[in-house]
Amino acid sequence: MTQVTVKELAQTVNTPVERLLQQMREAGLSHSSADQVVTDTEKQKLLSHLKGNTKLDEPRKITLQRKTQTTLKVSGSKTVNVEVRKKKTYVKQSPDELATEQQRELEAQREAEEAARLKAEEEARQRAEEEIRLKAEEEARLKAEEEARQQAAAKAAQEVAEAAAKAATETKPEEVVEEVVANKAAPAAPAAASDERKREEPRRPVAPPVAGKRDEDERRDRKHAQHRPSLKEKDKVSSPRVVRSAGDDEDDGFGGRRGGRNKSKLKKRNQHGFQNPTGPVVREVALGETITVAELAQQMSVKAAEVIKFMFKMGSPATINQVLDRETAQLVAEELGHKVKLVSENALEEQLAESLKFEGEQVHRAPVVTVMGHVDHGKTSLLDYIRRAKVAAGEAGGITQHIGAYHVNTDRGMVTFLDTPGHAAFTAMRARGAQATDIVILVVAADDGVMPQTEEAIQHAKAAGVPIVVAVNKIDKPDADPDRVKHDLAGRDVIPEEWGGDTQFVHVSAKAGTGVDELLEAILLQAEVLELTATPSAPGRGVVIESRLDKGRGPVATVLVQNGTLRQGDMALVGVNFGRIRAMLDENGKPIKEAGPSIPVEILGLDGTPDAGDELTVLTDEKKAREVALFRQGKFREVKLARAQAGKLENIFENMGQDEKKTLNIVLKSDVRGSLEALQSSLSGLGNDEVQVRVVAGGVGGITESDANLALASNAVLFGFNVRADAGARKIIEQEGLDLRYYNVIYDIIEDVKKALTGMLGSDVRENILGIAEVRDVFRSPKFGAVAGCMVVEGMVHRNRPIRVLREDIVIFEGELESLRRFKDDVAEVRAGMECGIGVKSYNDVKVGDKIEVFEKVEVARSL
Ligand code: GDP
């Protein structure tokens with residue numbers, strides 16, 4: 001064993017001499033200088049001392065090395081030395097560390113407890129603050145209300161005085177007085193049903209704070225009392241209120257807690273106070289066909305959350321905007337202790353329909369005509385020619401403005417033109433249930449023949465059941481071939497009269513004006529066959545063709561009078577709008593006092609801009625008009641929701657109607673004519689004695705707005721075979737909840753339709769479009785081939801999902817992505833609004849303007 005000095009040892013263990021000496025002294029050794037010798041025994045002593053005391057000095061990581069050497073004899077005389085080195089490293093966990101571990105756990109536990117405690121404290125503090133805030137708000141509100149009350153009292157007094165003065169000069173004094181009274185105070189006795197409703201409505205609190213609501217009642221009572229002191233007692237008696245004692249401190253039954261202390265303070269401050277009911281208040285809940293959770297809660301004066309909670313307990317979880325059917329709503333209301341009154345949802349509309357009478361002498365009315373046809377075939381030219389030649393002739397100053405419709409007088413009678421060429425306007429109106437057109441003029445250029453939009457026009461007219469008169473246009477052109485047009489149309493079931501059909505063909509030139517008179521004559525002849533009549537002595541009824549908000553004149557609507565006579569000063573109800581007709585202008589912008597059947601007019605005075613296709617009715621009573629308009633506004637959303645459900649392919653079987661043969665209507669668009677024809681014939685052959693399929697419209701190309709409107713109008717399902725809906729179409733589909741299905745296998749369409757027909761559409765694999773990227777630029781990369789520089793325009797593009805390449809909404813490739821990159825990085829997904837580079841696997845013909853659609857397939861269970 002070697003002996004070392006303290007200094008040497010210090011060097012070996014890498015510790016300063018002083019510190020080592022100190023440690024040695026602590027270990028009970030007597031060394032005091034660096035040169036003293038340390039024996040092995042002393043080293044052991046020191047080591048065991050250090051082990052015991054300074055655990056930190058103990059090696060944490062120990063590496064063991066063992067070296068063995070053996071000698072191998074190779075081929076007699078040669079020897080080879082073999083050295084085997086073994087090395088093992090292990091990390092030792094000192095008891096200290098173990099202890100620390102435990103300590104850490106304990107610490108964490110303590111911390112968690114502490115955090116929970118702090119959180120609870122914080123919550124308690126927030127609650128307290130909230131209470132204080134509410135209290136303060138309550139007080140402020142009461143104060144403000146008291147002030148408002150005083151002001152209102154003064155104002156109301158003044159108004160009543162004014163009204164009385166006015167009443168004396170008005171022709172109908174009772175009505176005015178009643179109006180004022182109805183606005184300022186609840187009438188003593190309901191004069192009419194509508195009065196009753198009006199008075200009921202404000203009694204329903206908007207939100208649960210019952211106290212605030214009661215206060216409002218009270219305020220009204222008081223206001224009432226101030227003006228009609230004699231009614232004060234009566235009103236008080238009739239108010240269903242129960243006074244609570246000041247010490248009463250429980251839940252008021254409406255989810256609100258009001259402390260007695262708080263309340264007595266309030267009482268002191270404001271003698272009127274608010275009084276809480278001691279027991280639950282039983283409300284009468286008026287239930288129509290449907291009601292949302294929020295509305296139901298409102299009618300019961302409870303929080304929507306209460307209803308949701310209750311429904312959850314009942315086992316049917318609901319959301320605040322969920323529409324409940326009448327049975328469910330009734331169950332909930334009754335279980336919560338309220339009474340239910342079932343009302344017919346459409347009582348108002350029914351009353352309205354009954355009140356409108358069209359009695360009187362029926363006379364002939366002019367036909368209303370829409371011009372349709374392929375683009376550039378001369379629709380506008382024809383409309384313009386007729387307008388110029390026939391309308392402007394007698395008008396001083398000519399045409400001052402364009403209102404979307406005009407009428408012409410001929411020797412044989414009047415014809416009204418809807419000056420909105422294009423199928424979209426026609427179908428959009430029909431989609432809203434309005435049939436404004438009696439006859440369609442189908443314009444076909446003789447030099448161009450039947451084109452896709454010509455076919456579309458035929459489909460639209462046929463779907464609407466409107467007869468067609470064909471105007472074979474551009475007959476002046478040298479290459480005009482009217483016979484080909486005749487032939488082509490006959491092939492599409494538009495058969496000329498001379499061939500035994502019922503369609504008149506007239507050769508015209510919109511440019512030269514040839515044949516226009518004959519065309520008008522043909523229209524009038526067709527009109528005679530239709531025997532169009534109206535009752536001019538009845539109140540006016542019409543349909544909105546277009547409307548706009550005019551800066552100076554407010555809402556302006558172009559209306560086609562369809563029956564009766566519309567007069568200036570009439571009270572008009574138009575869709576969800578209403579108003580007294582302040583002024584009426586004819587198609588030349590001249591003021592007129594009245595307009596009879598088939599006359600287009602512009603009306604001013606509505607409270608908003610109605611939609612094209614909205615119906616106009618004239619009512620005698622403004623209150624009624626307002627009431628129905630408001631009712632319709634509320635109904636509007638629900639109708640849309642209901643329609644969204646009814647239009648689904650899954651539900652189509654149930655909604656096909658009970659009468660005669662049930663029909664499944666389909667609007668079908670396809671990428672190529674071949675597949676379109678194959679689909680049309682196989683689908684049409686699918687029916688039996690009870691059910692049938694009707695392809696309302698079929699065409700080549702993407703799904704357009706006009707297709708969507710047609711589907712809406714004819715309650716059809718939209719099928720896209722290798723084609724997609726454009727943005728306009730998608731908007732309508734989404735808004736109206738239409739059923740749009742994309743397919744790429746003919747067999748799949750046929751299977752789905754078969755299943756729908758047998759009511760067996762089970763679970764359904766449907767495609768979800770996850771994102772769409774638009775190709776803005778194409779680069780060539782040696783590694784990936786063509787790389788499309790894209791902008792993600794919708795949703796999100798995912799790296800690992802199937803894709804399709806679309807050109808003009810037609811599918812041209814289906815496959816997967818090779819690469820998805822943002823700048824230089826490979827990414828898994830890119831969201832809308834960002835640019836990216838896309839490489840499509842085994843497809844190199846991407847072009848600028850193409851769309852890359854990323855989709856997924858999901859299984860959707862059939863919903864009933
Ligand atoms: P729309 O797209 O169907 O409304 O078609 P337009 O009325 O805009 O007409 C398209 C083009 O055809 C215009 O350049 C017209 O001048 C021309 N056009 C329209 N009708 C006739 C016609 O009867 N004869 C000739 N030669 N050209 C016509």
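Read the numbers this way: they start at 1 and go in the same order the structure lists the ligands and their atoms. Since this is a predicted model, take the numbers as computed values, not measurements.
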List ligand 1 atoms under 4.0 Å from [X], heavy atoms only on the residue side.
{"X": "Ala510", "answer": "20 (N), 22 (C), 23 (O)"}
{"X": "His374", "answer": "3 (O)"}
{"X": "Lys477", "answer": "26 (N)"}
{"X": "Asp376", "answer": "1 (P), 2 (O), 3 (O), 5 (O), 10 (C), 12 (O)"}

Check: Gln435 side chain, Ala464 main-chain N or O, donor-acceptor pair, under 3.5 Å: yes

With Leu679, the side chain to side chain contact (heavy atoms under 4.5 Å, CB included) member among Ile749, Val695, Ile666: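 Of the listed residues Ile749, Val695, Ile666, the side chain to side chain contact (heavy atoms under 4.5 Å, CB included) partner of Leu679 is Ile749.
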
Residues forming a side chain to side chain contact (heavy atoms under 4.5 Å, CB included) with Pro597, sequence neighbours excluded: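 Per chain and number, Pro597 pairs via side chain to side chain contact (heavy atoms under 4.5 Å, CB included) with Arg365, Ala534, Pro536.
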
Pair Thr704-Asp707, side-chain donor/acceptor within less than 3.5 Å: yes

Test item: side-chain donor near acceptor, Tyr406 and Asn588, under 3.5 Å: no

Among Thr380, Val443, Val472, Asp476, closest by any non-hydrogen atom to atom 26 (N) of ligand 1: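 Looking at heavy atoms only, Asp476 sits closest to atom 26 (N) of ligand 1.
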
Candidate with minimal heavy-atom separation from atom 16 (O) of ligand 1, of Ser381, Gly515, Ala446: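 Selected option, by shortest heavy-atom distance: Ser381.
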
Region of Lys474 that comes within reach of ligand 1 [heavy atoms, distance under 4.0 Å]: both

Ligand 1 N/O within reach of Val375 N/O, cut-off under 3.5 Å: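 No, there is no polar N/O contact under 3.5 Å.
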
Interatomic spacing from CD1 in Ile812 to NZ in Lys851 - rounded to 0.5 Å: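 These two atoms lie 12.0 Å from each other.
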
